[in-house]
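Everything on this sheet refers to the single structure shown next.
As a basis for the values below, the full set of heavy atoms in this structure was taken, side chains included, without hydrogen atoms, waters or symmetry mates.
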Amino acid sequence: MNKNVLLVDDDHIFNFLSSRLFEKLGFNEGIHMAMNGAEALKLINDYYSGTQSLPDVILLDLNMPVMDGFEFIEAFQRIRMPNKERVKIVIVSSSRDEKDIARARSLGITHYLTKPIQEKDLLEIMNSTRWS
């Protein structure tokens with residue numbers, strides 16, 4: 001199954017291991033990485049110019065320099081672009097803080113995973129029937 005994936009995390013090791021996990025699961029088409037929310041927004045904006053494909057799923061860390069995960073979600077929600085509603089944002093964080101989980105839900109995020117990612121959880125999300 002071809003899905004474009006955007007990994008947004010300032011942890012190089014997490015990005016490396018996640019990309020390998022995606023490849024193992026057969027999702028090795030279009031894996032992109034950003035080290036913070038600002039870099040991710042630039043990649044999203046490149047969608048308009050046709051240099052990048054709009055990601056199907058974004059794995060988003062919360063705690064990053066420059067622009068954190070919550071700031072990214074709020075900025076992403078303000079962007080006007082076609083097919084944006086098809087992008088599934090999945091928070092992947094080391095935080096298990098109920099406040100973070102509640103804030104994510106209040107922003108419309110339905111998937112919140114804690115690190116390290118479990119293969120079964122990632123596969124369930126990637127095969128979810130909620131794809132448009």
Side-chain angles (χ1 to χ4, degrees):
M1 185 182 310
N2 292 337
K3 301 257 187 244
N4 289 313
V5 177
L6 176 56
L7 304 173
V8 185
D9 198 311
D10 61 327
D11 182 340
H12 293 284
I13 295 169
F14 172 81
N15 287 335
F16 174 78
L17 293 174
S18 296
S19 65
R20 293 293 180 239
L21 181 55
F22 275 107
E23 289 171 5
K24 176 183 175 190
L25 296 174
F27 299 100
N28 52 2
E29 288 281 325
I31 298 174
H32 302 279
M33 295 178 210
M35 298 305 290
N36 58 60
E39 285 183 19
L41 284 177
K42 183 190 178 321
L43 289 173
I44 297 292
N45 285 326
D46 287 347
Y47 164 71
Y48 279 127
S49 67
T51 58
Q52 291 286 344
S53 296
L54 187 64
D56 296 298
V57 65
I58 298 172
L59 295 188
L60 178 67
D61 188 24
L62 293 179
N63 300 309
M64 296 175 288
V66 183
M67 177 184 274
D68 71 24
F70 289 125
E71 292 169 322
F72 170 81
I73 293 167
E74 291 166 349
F76 181 78
Q77 290 175 340
R78 289 190 299 267
I79 295 173
R80 294 178 193 243
M81 70 170 57
N83 303 315
K84 182 179 83 170
E85 68 283 351
R86 290 186 9 219
V87 178
K88 181 183 294 189
I89 298 176
V90 178
I91 291 179
V92 182
S93 179
S94 56
S95 171
R96 295 178 183 189
D97 187 329
E98 287 298 321
K99 291 177 190 170
D100 286 340
I101 295 168
R103 185 171 178 197
R105 283 195 185 117
S106 75
L107 291 169
I109 305 303
T110 58
H111 296 288
Y112 191 109
L113 302 176
T114 52
K115 292 178 182 176
I117 297 176
Q118 300 299 312
E119 184 176 319
K120 67 176 183 57
D121 295 331
L122 184 59
L123 197 54
E124 180 180 311
I125 288 169
M126 295 304 290
N127 290 326
S128 170
T129 58
R130 302 179 86 180
W131 298 98
S132 300

Could you report the tightest heavy-atom contact between [X] and [Y], atom names first, then the distance?
X	Y	answer
S95	T114	O-CG2, 3.8 Å
A34	A40	CB-N, 3.5 Å
S18	I117	OG-CD1, 3.9 Å
I31	S19	CD1-O, 3.9 Å
M67	A75	CE-CB, 4.5 Å
I58	P55	CG1-CG, 3.9 Å

Mind checking side-chain contact (heavy atoms from CB on, under 4.5 Å) for K115 and listing every partner two or more places apart, or none if nothing turns up?
D9, F14, D61, V92
S94: which residues meet the side-chain contact (heavy atoms from CB on, under 4.5 Å) condition with it, sequence neighbours left out?
none
For [X], all residues meeting side-chain hydrogen bond (donor to acceptor under 3.5 Å, both in side chains), sequence neighbours excluded:
X	answer
S93	none
E74	R103
K84	none
N15	none

Got a second to check how far [X]'s [atom1] is from [Y]'s [atom2], nearest 0.5 Å?
X	Y	atom1	atom2	answer
Q118	L123	CD	CG	12.5 Å
H111	L122	NE2	CG	11.0 Å
L41	D46	CG	CG	11.0 Å
I89	Y112	CD1	OH	14.0 Å
K88	L60	NZ	CG	15.0 Å

Under 3.5 Å donor-acceptor, E119 side chain and L25 backbone:
no
Given 3.5 Å as the limit, does a donor-acceptor pair link the side chain of D56 with the main chain of N4, or not?
yes
Under the ring pair (Phe, Tyr, Trp, His ring centres under 6.0 Å) rule, what pairs show up with a residue in residues 77-106, not counting sequence neighbours?
none
Once ring pair (Phe, Tyr, Trp, His ring centres under 6.0 Å) is applied, what residue pairs with a partner in residues 75-103 remain, sequence neighbours excluded?
F72-F76
Residues two or more places apart in sequence or in another chain: which of them pass salt bridge (charged side-chain N to carboxylate O under 4.0 Å, His left out) with E71?
none
Got a sec, which residues hit salt bridge (charged side-chain N to carboxylate O under 4.0 Å, His left out) with R20, two or more places apart in sequence or on another chain?
E23
Looking at side-chain heavy atoms only, is the closest gap between [X] and [Y] below 4.5 Å?
X	Y	answer
I91	I73	yes
L6	V87	no
I44	M81	yes
E39	L43	no
D10	V66	no

Kindly work out whether a path of hydrophobic side-chain contacts (I/L/V/M/F/W/Y, heavy atoms less than 4.5 Å apart) joins M35 to V90.
no
Under a side-chain separation threshold of 4.5 Å, the hydrophobic residues clustered together with L17 are I13, F16
